[in-house]
Engineer: 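Please find one structure pasted underneath; my questions will follow.
In what follows, chains carry the letters A, B, and so on, assigned in the order in which the sequence lines appear, proteins first and then strands, with residues in each chain numbered from 1. All figures in this text were calculated on a predicted structure; none of them were measured in a lab.
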Protein chains: 2
Amino acid sequence: MAAQVELDVVDMRLLRALQDDARMTNRELAARAGIATSTCSDRLARLRDAGVMCGSAVRIEPSAVGRPLEAMLAVRVHPHRRPLVDPFVRHVLAQPETRHLYHLTGPDDFLIHVTVVDAADLQRLVLDELTARDEVVMVHTHLIFHQWRGGPLLPPGAEG
Amino acid sequence: MAAQVELDVVDMRLLRALQDDARMTNRELAARAGIATSTCSDRLARLRDAGVMCGSAVRIEPSAVGRPLEAMLAVRVHPHRRPLVDPFVRHVLAQPETRHLYHLTGPDDFLIHVTVVDAADLQRLVLDELTARDEVVMVHTHLIFHQWRGGPLLPPGAEG
DNA sequence: GCTGAAAAATGATAGAA
DNA sequence: TTCTATCATTTTTCAGC
């Protein structure tokens with residue numbers, strides 16, 4: 001986990017900017033934050049080393065790579081014990097359709113966000129990769145009509 | 001949306017690399033894909049213009065910015081019609097705790113992925129920002145024990 | 001569509017405040 | 001710490017293959 005570090009206004013500006021465009025140059029980043037480029041480099045290194053920033057990724061349009069259909073799969077497993085849960089998690093993560101896997105409280109143990117080619121692909125995923133497994137008790141499929149990303153991740157009360 | 005473009009093996013290599021590290025330099029990217037740096041620049045511009053890559057973001061550790069608790073909120077709204085749904089969506093997206101909002105098929109209309117400061121913050125979000133609204137019929141709260149990201153987004157059958 | 005060299009932009013460094 | 005100035009590196013552009 002991240003070491004607890006104090007983040008000031010400048011750090012927050014950098015994080016906000018990089019959250020909207022991870023490929024922004026150091027130069028532009030410094031300009032936006034109102035600091036020198038060298039200072040900016042130092043700050044970024046510090047944020048990285050402290051574990052505040054943990055990696056980055058380009059967003060890829062799923063439909064552009066042949067996976068236009070998205071769904072949430074709610075899964076109940078039984079018995080809900082680690083020796084059975086760990087292989088289940090590994091299996092789900094091994095599926096190329098898996099985008100995110102969440103272990104939740106509540107009646108449904110897991111939620112899987114998947115991007116699939118079409119309904120047939122989704123059916124295969126549910127029948128052959130999930131319900132076929134002994135530990136899987138139930139799978140509920142929810143298609144995603146639309147999704148939105150939230151705003152920048154900021155501590156409540158931080159400056160704009 | 002993305003124009004339908006043909007993606008070859010080299011494009012897929014670039015996308016995979018950038019999905020793991022959006023700040024990777026053009027030089028390293030070209031080396032991994034086995035192409036000249038200039039070709040790599042061209043390819044990236046093409047992928048961007050075609051809408052295959054739609055933005056990028058650094059991942060920020062929620063606990064490092066004071067929001068260590070994550071949850072999924074399942075919400076039912078009524079009546080489920082656009083004049084009421086649109087304001088609801090705007091309101092949810094206006095909350096700084098909102099990371100993702102999904103509009104789903106099934107008994108629950110929306111799923112909200114939130115990062116919060118603590119249980120009190122979560123309670124406030126549910127009571128004051130969601131159930132307080134007329135169109136919200138029900139909110140189920142599911143804490144996130146743990147989450148995993150899926151592998152790289154690849155079209156099925158693509159080369160490794 | 002790919003390459004390689006020139007031009008432009010960028011990142012890293014050191015030294016001073 | 002932060003900034004300014006310098007320099008090595010990198011990215012982009014473009015003519016030719």
Engineer: Grab the CG-P distance between B:L29 and D:dT11 for me, whole Å please.
Structural biologist: 9 Å
Engineer: Using atom CG of B:L44 as one end and atom P of C:dC2 as the other, report the distance to the nearest whole Å.
Structural biologist: 12 Å
Engineer: Is there, by distance only and without an angle test, a donor paired with an acceptor across the side chain of B:S38 and the base of C:dG4 below 3.5 Å?
Structural biologist: yes
Engineer: If only side-chain N and O atoms of B:R43 are considered, is one of them under 4.0 Å from the OP1 or OP2 phosphate oxygen of C:dG1?
Structural biologist: no
Engineer: So what does B:R27 touch, heavy atoms closer than 4.0 Å: a base, only the sugar-phosphate, or nothing?
Structural biologist: sugar-phosphate
Engineer: Given atom CZ of B:R23 and atom P of C:dA12, what is their separation to the nearest angstrom?
Structural biologist: 9 Å
Engineer: Can you find a side-chain donor-acceptor pair between A:H100 and B:Q147 that sits under 3.5 Å?
Structural biologist: no
Engineer: Distance check: side-chain N/O of A:S41 vs OP1/OP2 of C:dG11, anything under 4.0 Å?
Structural biologist: no
Engineer: Could you state the CG-C1' distance from B:D42 to C:dT3, rounded to the nearest angstrom?
Structural biologist: 11 Å
Engineer: Test salt bridge (Lys or Arg N to Asp or Glu O under 4.0 Å) on B:D86 and B:R82 and set out the steps.
Structural biologist: CA-CA 6 Å; B:D86 288 350; B:R82 188 173 289 274; 3.8 Å; yes
Engineer: So, do B:V89 and B:F110 sit near enough that their side-chain heavy atoms are less than 4.5 Å apart?
Structural biologist: yes
Engineer: Please report, rounded to the nearest Å, how far the C1' atom of C:dG4 is from the CG atom of B:N26.
Structural biologist: 15 Å
Engineer: Step through the shown structure and confirm whether more than 12 heavy atoms of other residues, nucleotides or ligands are within 6.0 Å of CG on A:D134.
Structural biologist: no
Engineer: What contact category does B:T39 fall into here, base, sugar-phosphate, or nothing, at under 4.0 angstrom with non-hydrogen atoms?
Structural biologist: base
Engineer: Counting the atoms with a prime plus P, OP1 and OP2 as sugar-phosphate, which does A:A36 contact under 4.0 Å by heavy atoms, base, sugar-phosphate, or nothing?
Structural biologist: base
Engineer: How close or far is atom P of D:dT1 from atom CG of A:L14, stated in whole angstroms?
Structural biologist: 16 Å
Engineer: How many whole angstroms separate atom CZ of B:R48 from atom P of D:dT11?
Structural biologist: 13 Å
Engineer: Just by distance, with hydrogens left out, do B:H78 and B:E135 show a side-chain donor and acceptor under 3.5 Å apart?
Structural biologist: no
Engineer: Separation of A:M24 atom CE from C:dA9 atom C1', in whole Å?
Structural biologist: 16 Å
